[in-house]
Amino acid sequence: SLPIMEYLEESRPDIHPLLPGDPKDRVRVRQIAEIINSGIQPVQNLSVLQAVGPERKMKWGHDAIHKGFVAIEDLLKAHSTGKYCIGDNVTIADICLVPQVYNASRFKVDMALFPTIARINSALEEL
């Protein structure tokens, strides 16, 4: 949940910041997180997939993730300068990204089309 991550950021900033200090980087982190939070993840909720029906749910999930990953990959190529989504510290964007890469596998998304996302996810899996 983004509100929970924001709460942790604001209430415990000395433990491990989840947002970078630079305002432009903070915007990029939030932009990636929101693409996932509002553009990709909601269409994979069980109630949505049930409404779509069993014959269409794989395509539905695949298309939502693919479209969102195209946008994220473009952002990362333009602005990612470190080991993770934005820089060398784990941020809210990274926390949101990992479960979506898992879902991409479930919905048969070809991760070879998203090399930056795949590289970042591999680095996050090492933590």
Side-chain angles (χ1 to χ4, degrees):
S1 155
L2 287 179
I4 291 171
M5 288 186 274
E6 293 269 353
Y7 169 78
L8 292 172
E9 170 69 14
E10 293 167 5
S11 66
R12 295 166 176 81
D14 53 321
I15 295 176
H16 177 81
L18 296 175
L19 291 169
D22 180 86
K24 289 181 182 178
D25 287 342
R26 291 171 83 90
V27 167
R28 290 181 186 111
V29 165
R30 287 183 170 119
Q31 188 176 17
I32 292 166
E34 275 302 321
I35 290 169
I36 294 167
N37 186 56
S38 63
I40 301 174
Q41 191 280 327
V43 301
Q44 298 169 55
N45 285 338
L46 183 57
S47 61
V48 173
L49 293 175
Q50 288 173 338
V52 168
E55 66 284 345
R56 294 180 43 218
K57 74 178 184 179
M58 284 300 289
K59 181 173 179 357
W60 181 270
H62 174 277
D63 291 351
I65 295 168
H66 185 271
K67 182 179 178 182
F69 275 13
V70 167
I72 293 169
E73 184 75 13
D74 289 346
L75 284 170
L76 292 172
K77 284 181 180 177
H79 301 291
S80 183
T81 59
K83 188 173 183 179
Y84 304 117
C85 286
I86 305 296
D88 292 325
N89 295 309
V90 174
T91 67
I92 289 172
D94 301 295
I95 294 168
C96 291
L97 185 65
V98 171
Q100 290 312 306
V101 174
Y102 172 81
N103 282 341
S105 174
R106 283 183 47 221
F107 288 98
K108 311 292 187 229
V109 174
D110 181 2
M111 289 306 295
L113 299 172
F114 309 105
T116 310
I117 293 173
R119 175 190 60 78
I120 292 167
N121 189 66
S122 291
L124 291 164
E125 286 178 339
E126 293 177 15
L127 296 177

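In this chain, residues are counted from 1 in sequence order. As the structure is a computational prediction, the values presented were derived from the model and not from experiment.
- Taking all atoms of both residues into account, the shortest heavy-atom contact from Ile36 to Ala93 is CD1-O, 4.5 Å.
- When the options Glu10, Glu6, Glu9 are evaluated for a side-chain contact (heavy atoms from CB on, under 4.5 Å) with Leu18, the one that passes is Glu9.
- What you find for Ala71 and Ile35 is that their closest heavy atoms are CB-CD1, 4.1 Å.
- Among all heavy-atom pairs drawn from His16 and Val90, the shortest one is NE2-O, 3.2 Å.
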Return a table of donor-acceptor pairs under 3.5 angstrom between the side chains of residues 101-121 and protein atoms on other chains or two or more places apart.
residue : atom : partner : partner atom : Å
Asn103  : OD1  : Arg106  : NH1          : 2.8
Asn103  : ND2  : Gln44   : OE1          : 2.8
Asp110  : OD1  : Ala112  : N            : 3.0
Thr116  : OG1  : Glu73   : OE2          : 2.7
Arg119  : NH1  : Gly82   : O            : 3.3
Arg119  : NH1  : Lys83   : O            : 3.2
Asn121  : ND2  : Glu125  : OE2          : 3.3

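- Counting non-hydrogen atoms of neighbouring residues, nucleotides and ligands closer than 6.0 angstrom, the CG atom of Leu127 exceeds 12 such neighbours.
- In this structure, the separation between CG on Leu2 and OG on Ser38 is 8.5 Å, given to the nearest 0.5 Å.
- Using a 4.5 Å heavy-atom cutoff, the side chains of Leu46 and Gln50 are in contact.
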Check the pair Lys67, Val70 against side-chain contact (heavy atoms from CB on, under 4.5 Å), reporting the backbone distance first and the verdict last.
CA-CA 5 Å; Lys67 182 179 178 182; Val70 167; 5.9 Å; no
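- With rounding to the nearest 0.5 angstrom, the CD1 atom of Ile32 is 8.0 Å from the CG atom of Asp94.
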List the steps, then state whether side-chain contact (heavy atoms from CB on, under 4.5 Å) holds for Leu19 with Thr91.
CA-CA 6 Å; Leu19 291 169; Thr91 67; 5.8 Å; no
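- Expressed to the nearest 0.5 Å, how far CD of Glu34 lies from CD1 of Ile92 amounts to 10.0 Å.
- The two residues Asp63 and Lys59 make their nearest non-hydrogen contact at OD2-NZ, 2.5 Å.
- Atom CE of Met58 sits about 8.5 Å away from atom NE2 of His62, to the nearest 0.5 Å.
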Would you check, one step at a time, whether the test side-chain contact (heavy atoms from CB on, under 4.5 Å) holds for Arg28 with Cys85?
CA-CA 9 Å; Arg28 290 181 186 111; Cys85 286; over 6 Å; no
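- Of the inter-residue distances, the one linking Ser1 atom OG with Leu8 atom CG reads 9.5 Å to the nearest 0.5 angstrom.
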Please report the C-alpha distance between Leu49 and Val43 in whole Å, then the side-chain angles of each, then the deciding distance to 0.1 Å, and finally whether the side-chain contact (heavy atoms from CB on, under 4.5 Å) criterion is met.
CA-CA 7 Å; Leu49 293 175; Val43 301; over 6 Å; no
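- No donor-acceptor distance shorter than 3.5 angstrom exists from the side chain of Asn45 to the backbone of Val48, with no hydrogens or angles considered.
- Between Met5 and Cys96 the shortest heavy-atom distance is CE-SG, 3.7 Å.
- In the hydrophobic clustering of ILVMFWY residues, with side-chain heavy atoms under 4.5 Å counting as a link, Val29 and Val27 come out apart.
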Could you go through Lys77 and Asp74, starting from their C-alpha distance and side-chain angles, then the distance that decides it, and tell me whether this counts as salt bridge (Lys or Arg N to Asp or Glu O under 4.0 Å)?
CA-CA 5 Å; Lys77 284 181 180 177; Asp74 289 346; 5.4 Å; no
